[in-house]
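Could you have a look at this structure, given as structure tokens, before my questions?
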Amino acid sequence: MEHLIRSYGERLAALVAERGPLCVGVDPHPSLLTSWGLPSDAQGLERCARGMIEALGGIVPVFKPQSAFFEAYGVAGIAVLERTLADITAAGAISLLDVKRGDIGSTMDAYAAAYLSDGSPLASDAITLSPYLGFGTLDGAIELADRNGRGVYVLALTSNPEGPQIQHARAADDRTVGQLIVDEAASRNVARRKPGASLGPVGIVVGATIGQTGTDFAKLHGSILCPGIGAQGGTAADVVEIFAEATRFVLPSSSREVMSAGPEPAALRSAATRMLGEMKAALGLR
């Protein structure tokens, strides 16, 4: 399989070059299902999630299903998630499963095996991780992801109002915790980035509405997932302001701005195409 041959960074860079810089969130929360005229059950969930991939799978490079909205329906919802992930793969796109896992020892190993192992029903091209039990607790997941041509995105600077309480706090060396996470991710990419590749396997998550924080992203050499574009208030101009010379690493992400255009496939494609154009222009891509 391709992901065993090419690194996550190589595959992501190739798809972004082909389709443009955009990650579309698949967040089928109950109010969205209602607005689409669908029931708030596993059948409505499936029609929404898989309908998104059917409509956009040929033009969007990365899809980010939010696991919680599938888990809410129990085993039936997890089955829908499995089929949605399979649809993303069949469309030639990258699946980035938003699960925000973070734990220690054998528990973290089990999470990694569930989402990053070949043959697992929930295997994804990349997942989100939380570093707040210590960045080193993620090393096993990073190693497994890299070995299997997959990636991880570690929470660094999030847009929620509670985030700064932890992320802007100062470590013993006076770096902010957010900067510490960025630097730890960068060190893993230095060790694992393939010769000639622009991106290593360790990305970070940075909200589009955080504003200027003084954080230095320039040495990351990993993908920067930037949620909050569109309905949540983030703009293409914010991306450039926050990341400066690291803008080339940014993968802008939008969920509501695209999903609210549904359920008609043509309307979904129009919304995604518009956002792709905006992001290409902001990031200086053709």
Side-chain angles (χ1 to χ4, degrees), residues 8-9 23 25 64 66-68 96-105 107-109 111-112 115-116 126-146 150-193 199-229 232-234 238-253:
Y8 176 75
C23 170
K64 181 173 68 67
Q66 169 48 258
S67 183
L96 197 178
L97 185 57
D98 196 353
V99 289
K100 298 183 179 71
R101 300 303 191 220
D103 217 308
I104 60 173
T107 306
M108 190 65 231
D109 291 343
Y111 280 136
Y115 302 115
L116 299 168
I127 62 172
T128 55
L129 297 175
S130 172
Y132 293 107
L133 289 177
F135 203 101
T137 63
L138 307 181
D139 281 337
I142 293 169
E143 195 280 330
L144 181 62
D146 190 40
R150 297 185 163 96
V152 303
Y153 287 83
V154 182
L155 300 177
L157 292 161
T158 57
S159 294
N160 60 300
E162 303 87 354
Q165 180 181 21
I166 299 297
Q167 297 157 10
H168 293 185
R170 296 280 173 176
D173 60 5
D174 205 40
R175 285 181 293 175
T176 64
V177 171
Q179 183 70 67
L180 178 65
I181 292 167
V182 174
D183 293 345
E184 291 285 342
S187 71
R188 271 64 173 185
N189 285 330
V190 167
R192 295 182 178 276
R193 188 159 52 107
L199 301 172
V202 186
I204 56 173
V205 181
V206 179
T209 59
I210 64 167
Q212 289 285 351
T213 64
T215 306
D216 182 4
F217 303 101
K219 297 179 182 178
L220 176 67
H221 291 290
S223 176
I224 302 174
L225 179 68
C226 187
I229 302 292
Q232 290 176 268
D238 291 328
V239 171
V240 177
E241 179 183 5
I242 293 168
F243 300 106
E245 66 267 32
T247 298
R248 67 189 186 279
F249 299 141
V250 173
L251 178 64
S253 181

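The figures that follow rest on heavy atoms only: side chains count, while hydrogens, waters and symmetry mates do not.
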Q.
Quick check on Q165: does its CD atom have over 12 non-hydrogen neighbours (other residues, nucleotides or ligands) under 6.0 Å away?
A.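 At most 12 heavy atoms, drawn from other residues, nucleotides or ligands, come within 6.0 Å of this atom.
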Check your understanding: Any side-chain heavy-atom pair from K100 and V205 closer than 4.5 angstrom?
Key ->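 No, their side chains stay 4.5 Å or more apart.
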Heavy atoms only: give me the nearest A156-V206 pair and the separation to one decimal.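 In terms of heavy atoms, the two residues are closest at CB-CG2, 4.3 Å.
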Restricting to side chain to side chain contact (heavy atoms under 4.5 Å, CB included), what partner residues turn up for S67, sequence neighbours left out?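 Residues passing side chain to side chain contact (heavy atoms under 4.5 Å, CB included) with S67: E71, L81, L97, V99.
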- T213 versus T176: any side-chain heavy-atom pair under 4.5 Å?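 No - every pair of side-chain heavy atoms lies 4.5 Å or more apart.
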Quick one: are L155 and I181 in side-chain contact, heavy atoms under 4.5 Å?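 The answer is no, as the side chains (C-beta and beyond) never meet within the 4.5 Å cut-off.
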Notebook entry, point to check: When rounded to the nearest 0.5 angstrom, what is the spacing between CG in L96 and OG in S223?
Noted result: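 Going from the CG atom of L96 to the OG atom of S223 covers 8.0 Å.
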May I ask you to check whether over 12 heavy atoms, not counting those of I104, lie within 6.0 Å of atom CD1?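 No.
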Problem - Nearest non-hydrogen partners of T209 and G228, listed with the distance - result: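 Taking T209 first and G228 second, the nearest heavy atoms are CG2-O, 4.5 Å.
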Checklist entry - Taking only residues two or more places apart in sequence or in another chain, which ones pass side chain to side chain contact (heavy atoms under 4.5 Å, CB included) with A218? => result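 Testing A218 for side chain to side chain contact (heavy atoms under 4.5 Å, CB included), a comparison that skips the adjacent residues, returns D216, E245.
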TODO: Would you name the heavy atoms of V152 and A145 that are closest together and state the gap between them?
DONE: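 So the minimum-distance heavy-atom pair works out to CG1-CB, 4.0 Å.
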Smallest separation among heavy atoms of T158 and I210, with atom names =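 Minimum heavy-atom contact is O-CG2, 3.7 Å.
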### Message
What I'd like to find out is whether the side chain of P131 reaches to under 4.5 Å of the side chain of E184, using heavy atoms alone.
### Response
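They are not in contact (no side-chain heavy atoms under 4.5 Å apart), so the answer is no.
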**Prompt:** Between D238 and A208, which heavy-atom pair has the shortest distance, and what is it?
**Reply:**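 Smallest heavy-atom distance, with atoms named: CB-O, 3.5 Å.
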Measuring from atom CG of L138 to atom OH of Y132, what distance do you get when rounded to the nearest 0.5 angstrom?
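It is 11.0 Å, given to the nearest 0.5 Å.
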Q | Distance, nearest 0.5 Å, that separates CG of D146 from CZ of R192 | A |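 Rounded to the nearest 0.5 Å, the CG-CZ separation comes to 5.0 Å.
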Sorted by first residue and then second, give each ring-ring contact (aromatic ring centres under 6.0 Å, His included) pair with at least one member in residues 203-226; sequence neighbours left out.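 For residues 203-226, and leaving out neighbouring residues, the ring-ring contact (aromatic ring centres under 6.0 Å, His included) pairs sorted by first residue read F217-F243, H221-F249.
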query = What residues form a side chain to side chain contact (heavy atoms under 4.5 Å, CB included) with N189, not counting sequence neighbours?
reply =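 Counting only residues at least two positions away or on another chain, N189 forms a side chain to side chain contact (heavy atoms under 4.5 Å, CB included) with P201, V202, L220.
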Nearest 0.5 Å, what's the OG1-CD distance between T247 and E241?
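The OG1 atom of T247 sits 10.5 Å away from the CD atom of E241.
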Query raised in the report: At their closest point, which heavy atom of Y115 faces which heavy atom of R101, and how far apart are they?
Result: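 Answer, listing the atom of Y115 first, then R101: OH-NH2, 2.9 Å.
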So L157 and Q179, do their side chains get closer than 4.5 Å, heavy atoms only?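 No, their side chains stay 4.5 Å or more apart.
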**OP:** For V239 and I229, run side-chain contact (heavy atoms from CB on, under 4.5 Å): C-alpha distance rounded to whole Å, both residues' side-chain angles, the deciding distance at 0.1 Å, then the answer.
**Re:** CA-CA 9 Å; V239 171; I229 302 292; 3.7 Å; yes
Next item on the list: Mind checking side chain to side chain contact (heavy atoms under 4.5 Å, CB included) for A141 and listing every partner two or more places apart, or none if nothing turns up?
Entry: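 Scan of A141 (side chain to side chain contact (heavy atoms under 4.5 Å, CB included), adjacent residues dropped) gives M108, A112, L116, L129.
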Suppose the criterion is salt bridge (Lys or Arg N to Asp or Glu O under 4.0 Å): which pairs have a residue in residues 151-176, not counting sequence neighbours?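 Applying salt bridge (Lys or Arg N to Asp or Glu O under 4.0 Å) to every pair that reaches into residues 151-176, excluding sequence neighbours, yields D173-R175, R175-D183.
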- Kindly compute the distance separating CG (L251) from OH (Y153), expressed to the nearest 0.5 Å.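 Those atoms lie 5.0 Å apart.
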